[in-house]
Amino acid sequence: VVLDGNTGTAKTELLARLALRGHQTLDLEGLANHRGSLFGHRPGGQPSQRAFEGRLAVAISTLDPTRPVVVEAESSRIGGLMLPKQLWAAMCAAPRIRIAAPLAARATYLTHTYSDMIEDRARLMEVVESLRPIHPAERIADWLSWAESGDFTALAAGLMQDHYDRRYEKHRTRFEQPHDRLVATDILDDPALDRLADQIATLLG
């Protein structure tokens, strides 16, 4: 079962909460040591492709094949690592539970989740600069201005609205199925995430 949703809908955190509730999960971003976006670098860098696949094989070997396994929606690549073809094919065919939350709530959530990027202002601006070939100069200037001034909530909202959300919607239309389920929230604080995890757990059965 694929846990889907636009950037900032706390999918990784919800995956962890589902694991605490006794559900089988596969944390692909944890195994790849990458958050799956341009801003996804984590300390220590990524393992080699071979090491990643070894970690994945060990994690899969602990799963009960008669029970659902929840994974976070990803592209076929996490950072510099490729998902094995069989796993990617299974994810493409799997039913999805989509998380929906307003842009403002997601922006607030991301400013906490990506606190390491906020602390490294130079790296943050470098990643924004890398988007220059695919966005108007005025938009890049706004993003850089928000990064420089410390308005990270505005920066997160701008990046999601004009970069990530459009790409997610395009990606999602390729895999949507009639029986996919939707769970929605107006906020993404701890109590709201617990409620979402409970709703998802109920859908999983």
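We number each residue from 1, following the sequence as shown.
The two residues A32 and P47 come nearest to each other via the heavy atoms O-CD, 3.5 Å. Counting all heavy atoms, side chain and backbone alike, I78 lies closest to Q46 at O-NE2, 3.0 Å. Of all the heavy atoms in L26 and L15, the pair that sits closest is O-CD2, 3.7 Å. Closest non-hydrogen pair, H23 versus A201, comes out as NE2-CB, 3.4 Å. Shortest non-hydrogen contact noted between N33 and P43 is ND2-O, 3.2 Å. The minimum heavy-atom distance linking A156 with L110 is given by the pair CB-CB, 4.3 Å.
Rounded to the nearest 0.5 Å, atoms CZ (R166) and NE2 (H163) are 11.0 Å apart. Put simply, CZ on R121 and CZ on F152 are 4.0 Å apart, with the number rounded to the nearest 0.5 Å. Expressed to the nearest 0.5 Å, how far OG1 of T12 lies from CZ of R17 amounts to 12.0 Å. Between atom OG1 of residue T153 and atom CH2 of residue W146 there is a gap of 11.0 Å, rounded to the nearest 0.5 Å. Separation of atoms CG (L83) and OG (S75) is listed at 7.0 Å; rounding is to 0.5 Å. Distance check: R139 CZ to L144 CG gives 13.0 Å after rounding to the nearest 0.5 Å.
At a threshold of 4.5 Å between non-hydrogen side-chain atoms, the residues R167 and T7 do not count as touching. In this structure, the side chains of L131 and I140 come closer than 4.5 Å at one or more pairs of heavy atoms. Residues V127 and L124 are not in side-chain contact: their nearest non-hydrogen atoms beyond the backbone lie 4.5 Å or more apart. Within the 4.5 Å cutoff, side-chain heavy atoms of I97 are placed close to those of L204. The closest side-chain heavy-atom distance from V2 to V70 is not below 4.5 Å.
Evaluated for a side chain to side chain contact (heavy atoms under 4.5 Å, CB included) with V183, the options L203, L3, L14 yield exactly one hit, L203.
Using modelled atom types, one side-chain atom of R42 and one backbone atom of E29 make a donor-acceptor pair closer than 3.5 Å. Of the possible polar contacts, none joining the R106 side chain to the N6 backbone as a donor-acceptor pair under 3.5 Å is found. No donor-acceptor distance shorter than 3.5 angstrom exists from the side chain of D186 to the backbone of A101, with no hydrogens or angles considered. In this structure, the side chain of Q49 engages the main chain of M82 through a donor-acceptor pair within 3.5 Å. A donor-acceptor contact shorter than 3.5 Å is absent between the side chain of S115 and the backbone of T111. Put simply, the side chain of T9 never gets that close to the backbone of K11: no donor and acceptor are under 3.5 Å apart. Not a single donor-acceptor pair under 3.5 Å links the side chain of R96 to the backbone N or O of R181. No donor-acceptor pair under 3.5 Å is formed between the side chain of E72 and the backbone N or O of D4. A side-chain donor-acceptor contact under 3.5 Å links T113 to the backbone of Y109. Between the side chain of T25 and the backbone N or O of D27, no donor-acceptor pair lies under 3.5 Å.
Side-chain heavy atoms closer than 4.5 Å link hydrophobic residues (I, L, V, M, F, W, Y) into clusters, and following such links, even through other members, never connects L155 to Y168. In terms of hydrophobic clustering, with Ile, Leu, Val, Met, Phe, Trp and Tyr side chains grouped at heavy-atom distances under 4.5 Å, L182 and I99 are assigned to different clusters. Both W143 and Y114 belong to a single network of hydrophobic side chains, linked directly or stepwise wherever heavy atoms of I, L, V, M, F, W or Y lie under 4.5 Å apart. Note on M160 and M125: same hydrophobic cluster, where clusters join Ile, Leu, Val, Met, Phe, Trp and Tyr whose side-chain heavy atoms are under 4.5 Å apart, directly or indirectly. One hydrophobic cluster holds both I134 and L159 under the rule that ILVMFWY side chains link at heavy-atom gaps under 4.5 Å.
Looking at T66 and D64, their side chains do bring a donor and an acceptor atom within 3.5 Å of each other.
Around atom CD of E169, more than 12 heavy atoms belonging to other residues, nucleotides or ligands sit under 6.0 Å away. Within 6.0 Å of CD in E129 there are more than 12 heavy atoms belonging to other residues, nucleotides or ligands.
Looking at D190 and R195, no side-chain N of the basic residue comes within less than 4.0 Å of a carboxylate O on the acidic one, giving no salt bridge.
Checked against the 6.0 Å centroid criterion, the rings of H41 and H34 do not qualify as a close aromatic pair.
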query = What's the verdict on side-chain contact (heavy atoms from CB on, under 4.5 Å) for E53 and L81, showing C-alpha distance, side-chain angles and the deciding distance?
reply = CA-CA 9 Å; E53 292 180 10; L81 299 175; over 6 Å; no
